[in-house]
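Source: prediction; values computed, not measured. FYI, side chains are in, hydrogens and waters are out, and symmetry mates aren't considered; it's all heavy atoms of this structure.
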Amino acid sequence: MQPQQPPRSSNTLRSGFRNEAELDQLLDLVVTARSRSGSPAAPAPAQAEPAVVEQPKSLNDLFTSYLKYERDIRDLFIAQSKLEKLLFGEDWSPRVDAPSTQGIYRIATSAVTNLIYLAQQRFAPSGGTLEISEHRSLEAVGMQNWRDEYDRHNRRSDEAIVPPVDLDKLWAYLEATYGGDSGIEEAHRQNAKLLMKEFRLDENSELKRTASSVTLIRRLWGTKIDYGNNKGLYEIGYNSRDDLTKLFKGLACAFEWAEMDQLSIELAPARHRMCDYNFAYKPRDRTSFTGLDIVYFTQQWEFKFSHAAAEKLMLYLGTYGQS
């Protein structure tokens, strides 16, 4: 009879580790060390190849591509729902939600709007604003009724179709009409019209000339503040601040055209506080720029231009304000 081995106690260590987790941690360290030293390690899982996107040949590829995207999304949802029902039974409620898409009609609407916006940004002068009428642009290319045509088709059929919108044709019109110097000149005409309206120069208002300045009046009604840190000061209304921002942008654009760069930079709305929504002022106080003082009153602001600045501004308005 062989001698019996004494029974192992319950707290005897197995392989020198308290539990399997410690062994796993050690193996992870070995794999990491091998990869750092150049030793072969376990192969990494295969990565999915990125989808290859074909180079589009037309802006209108947006529509055909979006319709395919909607179909693919819908098919994936149906496949996932069927799989879950196979696993859990027909009375199973799918755990995935049907994805929401914009629909081809909204895609077409936003595409037209954004194409107009892109043209406004691309063809405007530096620091200036160009406004392009969407209605007139669509009318010029014969697409002003595309929404009605699309709705008529939808009333007859449930099948989604590409909207009768030709983005290539629309962009070609925008480039031909506003590309080069055409958009810049149109933006200056629009800006001159804005300045004349803001200062009421189109109403034959008289300029106030002195030996040191030429004054233009901008009507602004201030309201006295009765509370807070600015109590006793005046502020202008919400809508007036938006108009004031457009005025300063317009002046900055005009003086950039006139090559008075320092004044143009100083007048940009981001360079001062007068367009801020928390701006408050005391009557007869002023803000000074290079060639311009602005004096605040309760019912108007006086823009006192130096003679040099006033001459440049009048040249700009004479060049673009009469057309």
Practice task
Could you check whether the rings of F255 and F305 sit parallel, tilted or perpendicular, using 30° and 60° as the cut-offs?
Solution key: tilted
Practice task
Using modelled atom types only, decide if a donor and an acceptor are shared between the side chain of E235 and the backbone of F279 within a distance under 3.5 Å.
Solution key: no
Handout entry: Cluster link L83 to I78, ILVMFWY, side chain under 4.5 Å
Key = no
Handout entry: K249 (side chain) donor-acceptor with G127 (main chain) under 3.5 angstrom
Key = no
Problem - Shortest non-hydrogen contact between E139 and Q144, atoms and distance - result: CA-OE1, 3.5 Å
Handout entry: side chain to side chain contact (heavy atoms under 4.5 Å, CB included) assessment of Y150 paired with I104
Key = CA-CA 10 Å; Y150 185 78; I104 194 66; 2.9 Å; yes
Completion exercise
Heavy-atom nearest pair, A280 first then I225, reads CB-CD1, 3.9 Å
Problem - Under 3.5 Å: donor-acceptor pair, side chain of S58, backbone of N60 - result: yes
Practice task
Dump the intermediate steps for side-chain hydrogen bond (donor to acceptor under 3.5 Å, both in side chains) on Q102 and Y66, then the final yes or no.
Solution key: CA-CA 10 Å; Q102 293 190 46; Y66 189 83; 5.4 Å; no
Problem - Salt bridge flag under 4.0 Å for residues D75 and R71 - result: no
Exercise for the section: Indicate whether any N or O donor in one side chain lies under 3.5 Å from an N or O acceptor in the other, for T101 and Y69. Expected result: no
Problem - Centroid-centroid under 6.0 Å between F303 and F289 rings - result: no
Practice task
Give a yes or no answer on whether the side chain of D61 reaches the backbone of P56 with a donor-acceptor pair at less than 3.5 Å.
Solution key: no
Practice task
Find the distance between CZ (R147) and CG (D151) and round it off to the nearest 0.5 Å.
Solution key: 9.5 Å
Practice task
Look only at the side chain of H272 and the backbone of L267, and say whether a donor-acceptor pair between them is shorter than 3.5 Å.
Solution key: yes
Practice task
Apply side chain to side chain donor-acceptor pair (under 3.5 Å) to Y277 and list each qualifying residue two or more places apart in sequence or on a separate chain.
Solution key: D242
Exercise for the section: State, yes or no, whether a side-chain contact exists between S306 and L292 at a heavy-atom distance under 4.5 Å. Expected result: no
Handout entry: Test item: Q190 side-chain N/O and E131 main-chain N/O as donor-acceptor pair under 3.5 Å
Key = yes
Problem - Separation between CG of L220 and CZ of R241, rounded to the nearest 0.5 Å - result: 9.5 Å
Practice task
Give, for atom CG of N239 and atom CG of L244, the distance between the pair rounded to the nearest 0.5 Å.
Solution key: 12.5 Å
Handout entry: salt bridge (charged side-chain N to carboxylate O under 4.0 Å, His left out) pairs, two or more places apart, involving residues 283-302
Key = R286-D293, E302-K304
Exercise for the section: Kindly say whether K169 contributes a backbone atom to a donor-acceptor pair with the side chain of D166 at under 3.5 angstrom? Expected result: yes
Problem - Where Q300 and I217 come nearest, the two heavy atoms and their spacing - result: OE1-CG2, 3.5 Å
Fill in the blank from the handout: Contacts satisfying salt bridge (charged side-chain N to carboxylate O under 4.0 Å, His left out) that involve residues 209-219 (not counting sequence neighbours) are E198-R218
Problem - F123/W171 aromatic ring centres below 6.0 Å - result: yes
Exercise for the section: Spell out, yes or no, whether L194 and Y320 are grouped together once hydrophobic residues are joined by side-chain heavy atoms under 4.5 Å, including indirect joins. Expected result: no
Problem - Within-4.5 Å side-chain heavy-atom neighbours: T287 and Y281 - result: no
Practice task
Just say parallel, tilted or perpendicular for the rings of W92 and F88, cut-offs at 30° and 60°.
Solution key: parallel
Exercise for the section: Have a look at L118 and tell me which of Q121, R122, Q120 forms a side chain to side chain contact (heavy atoms under 4.5 Å, CB included) with it. Expected result: R122
Practice task
Report the residues that fulfil side chain to side chain donor-acceptor pair (under 3.5 Å) with S240, sequence neighbours left out, ordered by chain and then residue number.
Solution key: none
Exercise for the section: Only counting residues at least two apart or in another chain, list the ones meeting side-chain contact (heavy atoms from CB on, under 4.5 Å) with I184. Expected result: P125, D181, H188
Practice task
Looking only at non-hydrogen atoms, find the nearest pair between E256 and S264 and report the distance.
Solution key: CB-OG, 3.4 Å
Practice task
Flag yes if L207 and Y316 sit in one hydrophobic cluster, no otherwise; membership is Ile, Leu, Val, Met, Phe, Trp, Tyr, and two members link when side-chain heavy atoms are under 4.5 Å apart.
Solution key: yes
Handout entry: Residue pair Y105, W146: steps toward the ring pair (Phe, Tyr, Trp, His ring centres under 6.0 Å) verdict
Key = CA-CA 10 Å; Y105 177 87; W146 77 265; 5.5 Å; yes
Exercise for the section: For T298, check side-chain contact (heavy atoms from CB on, under 4.5 Å) against everything at least two apart and list the hits. Expected result: Y234, P283
Problem - Backbone N/O of S93 and side chain of R95: donor-acceptor pair under 3.5 Å - result: yes
Handout entry: Check: N114 side chain, S110 main-chain N or O, donor-acceptor pair, under 3.5 Å
Key = yes
Problem - Presence of salt bridge, E186 and R189, under 4.0 angstrom - result: yes
Handout entry: L115-Y178 co-clustered via ILVMFWY side chain contacts under 4.5 Å
Key = yes
Exercise for the section: Using atom types as modelled and distance alone, determine if a side-chain donor or acceptor of T177 lies under 3.5 Å from a backbone N or O of Y173. Expected result: yes
Problem - Side-chain heavy-atom pair R271, E266 within 4.5 angstrom cut-off - result: no
Handout entry: Distance (rounded to the nearest 0.5 Å) between T290 OG1 and D261 CG
Key = 11.5 Å
Exercise for the section: Check step by step if side chain to side chain contact (heavy atoms under 4.5 Å, CB included) holds for F63 and L167. Expected result: CA-CA 10 Å; F63 301 131; L167 297 178; 3.7 Å; yes
Exercise for the section: Nearest 0.5 Å please: distance from the CD atom of Q322 over to the NZ atom of K193. Expected result: 13.0 Å
